[in-house]
Amino acid sequence: MGIEEEKPKAFQLKPMKCEFNFLSKSDGSAILSQGDTVAVVSVNGPLDIKSTSQSIEKSTLEVLYCTKGGKPSVADRYKENVIRQTCEAAVLGSLYPRTGITVTIQELEDFGGLLSCCLNCTCLALLNSGVSMRCTYAAITCAIDESGDIVLEPSKQHLDTARATMTFVFDSREKNLVTSVTEGVFSEDTYKEALARCHAASDLVFNFYREIIRKYANVI
Amino acid sequence: MRDVFLSNCEKNFIQKLVSEGHRLDGRNYNESRRLDVTFGSEYGSCIVRLGETKVLAQVSCEVTQPKQIRPNEGILYINVEISPMAAPQFEANRQTDLTVYLNRLLEKCYKDSKCIDLESLCIVVEEKVWSLRVDVKVLNHGGNLIECASIATLASLAHFKRPDVTRSGDRVIIHTIAEKDPIPTVLYHYPVCMTFAIFNNEVLLSDPSFIEESVCTSSTEEGINTGGGLLVIGMNQYKELCLLDLNGAALYDSNIVHKAIISAAESSKQIVDLVKQRINSDDTMRQKRIKINFADMITSDHLLSLTRKDLSIQLKKFNVDDMTLKNDMEHEDNDDEPEPSKYDGKFENKVMTIFEIYSLISVVPSLPQTAEIISNKGVSKWIEISSDSD
């Protein structure tokens, strides 16, 4: 896409930290921090579910998103939907017909970019649980500030003043766009530029996945 | 909630083990698991870890109208949620008996014991009061949820600070944390719930694990009641009783309750001291403007594997130093390898030795009675030993 040459890795993502098997009762779990944003995800499955929600051709993916405090809201259900659709693209559900896979996400800290942190953490937890996957995926959030500049991994202050925020998810095989969530007003060119910038940044997330898996491959 | 089945094997084993004076994880009867309290970046958010049980609590506040019968008191609301994250048998957005029981118990312990000064939460009588909401979320159910959830509630309430308010005429101004220092919640005393598992109406186990909890409330194969139950004791740091709750079989002997209360009095002091000490150290850290975040909980010094965590059996007198890894066994293994048959000329015998993997990892003592496997750096590899036959 040409952008990569123009910006030769000038950007760096916020420091990421991850721990697997954080919860002992789940089949797979991960806790991930991206900067100051933290989320825990547990994956259980494939397991038996009630027959009304069973599907004969693939496993049913259930995603539950829990906020830290306060009552559940419509925005949470929307997040759940985004995460579920992204997971469905990655998980090889046809291998586990008539079963269910439950993904539970718990927000711990929100300092901007919570959705991408949740998505990345979900991917790591799925990897940890041993569910067969077509590919892994990486999510990157960016914001478009008042002057029209693109800010990768915006902080809370950036998000409050931003004109638009976008979250992109890429798969690991072809680096294709899996999910795109946008909010606010922007032009088509800005969208394309943001997409290209996030696309380049997603490599860093995949590298981080590789590092983590390499570290844990010794003990699992 | 899906049923969790307990095999007769497990039941009999645990019953026998307890009657012989042991516990599955090598603890003494009145020994608790390791307690750890971690605070998040916001006021009133904490994660409490009691052994493998993990509970997240978050206090939030808003201004509401007071109840008509108590026009000058604030409102405390406790909400417990058990999601499928805690254990696979729980279902999403479904209230279970356990959730209701836990909620009621926490309300009894924190609302009915009047440990919070609700009158200080009043802003304008009959019009505006602070309403505190405690959200308790169970992350991992490894037994003794009640104690863990109550410590989490207590720690988050004691840690919480609400924004300052000034009144000018009819107007009420709520200041942000940056404008004015927030006000801590006033707690008269610090009650904590402690759980005891009763076996055979005589043995008292403090801080029961998940399997001990389920065994003591279950009946035997023949459906005979084993005289076991769960006794919950709420007590504050002044050794005053705030709550008693019994689940399961009826008790023949009142002495057992007395024994439990004496034991609870000791541990309640320790727990409250630990919570207070953590809040103090958190406060001094905040004053020094050190960033506190749940991310500090993530460690990279050790890697946990599921095999270790699921192994709940720990031996009482297990000493890691006694165990030496014999790498030279590898060579013995080579010698024992069967000779390839001479009829099969092209046959390649590939043997992967498990001992090679052992040489990559080492067992180190972590807790007094536990061993932890720490891996050496580097990629794990299978060693191929091929013996070509001539």
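Owing to the predicted nature of the structure, the values given are computational and were not obtained by experimental measurement. By convention in this document, chain letters (A, B, ...) are assigned in the order of the sequence lines, proteins followed by strands, and residues within each chain are numbered from 1.
Heavy atoms of other residues, nucleotides or ligands lying less than 6.0 angstrom from NZ of A:K58 number 12 at most. Within 6.0 Å of the CZ atom in A:R77, the count of heavy atoms belonging to other residues, nucleotides or ligands exceeds 12. Surrounding CZ of A:R84 are more than 12 heavy atoms belonging to other residues, nucleotides or ligands, all under 6.0 Å away. Crowding of B:E179 atom CD: a count of heavy atoms from other residues, nucleotides or ligands under 6.0 Å exceeding 12.
A cation-pi arrangement is present between A:K25 and B:F210 under the rule of less than 6.0 angstrom and at most 45 degrees off the ring axis.
Within residues 288-297 of chain B, the residues having any heavy atom closer than 4.5 Å to a heavy atom of chain A are B:K291, B:N293, B:F294, B:A295, B:D296, B:M297, listed by residue number.
Closest non-hydrogen pair, B:D135 versus A:G69, comes out as OD2-CA, 3.5 Å. The shortest heavy-atom contact between B:M85 and A:T104 is CE-O, 3.3 Å.
Heavy-atom pairs under 4.5 Å with chain B peak, among A:T67, A:V103, A:N44, at A:N44.
Neither the backbone nor the side chain of B:T53 comes within contact range of chain A, judged by heavy atoms closer than 4.5 Å. For A:V40, the parts lying under 4.5 angstrom from a heavy atom of chain B are both the backbone and the side chain. Heavy atoms closer than 4.5 Å to chain A are found in the backbone of B:A86, but not in its side chain.
Between the CZ atom of A:F22 and the CD atom of B:E52 there is a distance of 9.5 Å, given to the nearest 0.5 Å. Of the inter-residue distances, the one linking A:Q106 atom CD with B:L56 atom CG reads 5.0 Å to the nearest 0.5 angstrom. From B:S60, atom OG reaches atom NZ of A:K68 across 10.0 Å, with rounding to the nearest 0.5 Å. Between B:K137 atom NZ and A:L108 atom CG the span is 10.5 Å, to the nearest 0.5 Å. From B:L139, atom CG reaches atom OG of A:S42 across 9.0 Å, with rounding to the nearest 0.5 Å.
Looking at B:N140 and A:S24, their side chains come closer than 4.5 Å, going by heavy atoms from C-beta outward.
Between the side chains of A:D36 and B:S41, no donor-acceptor pair of N or O atoms lies under 3.5 Å.
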- Task: Apply the test side chain to side chain contact (heavy atoms under 4.5 Å, CB included) to residues B:N93 and A:L64: give CA-CA distance (whole Å), side-chain angles for both, the deciding distance (0.1 Å), then the verdict.
- Result: CA-CA 9 Å; B:N93 304 321; A:L64 183 71; 3.8 Å; yes
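For the side-chain hydrogen bond (donor to acceptor under 3.5 Å, both in side chains) condition, the pairs that include at least one residue of residues 141-157 of chain B, sequence neighbours left out, are B:N144-B:E147, B:N144-B:T195, B:N144-B:D207.
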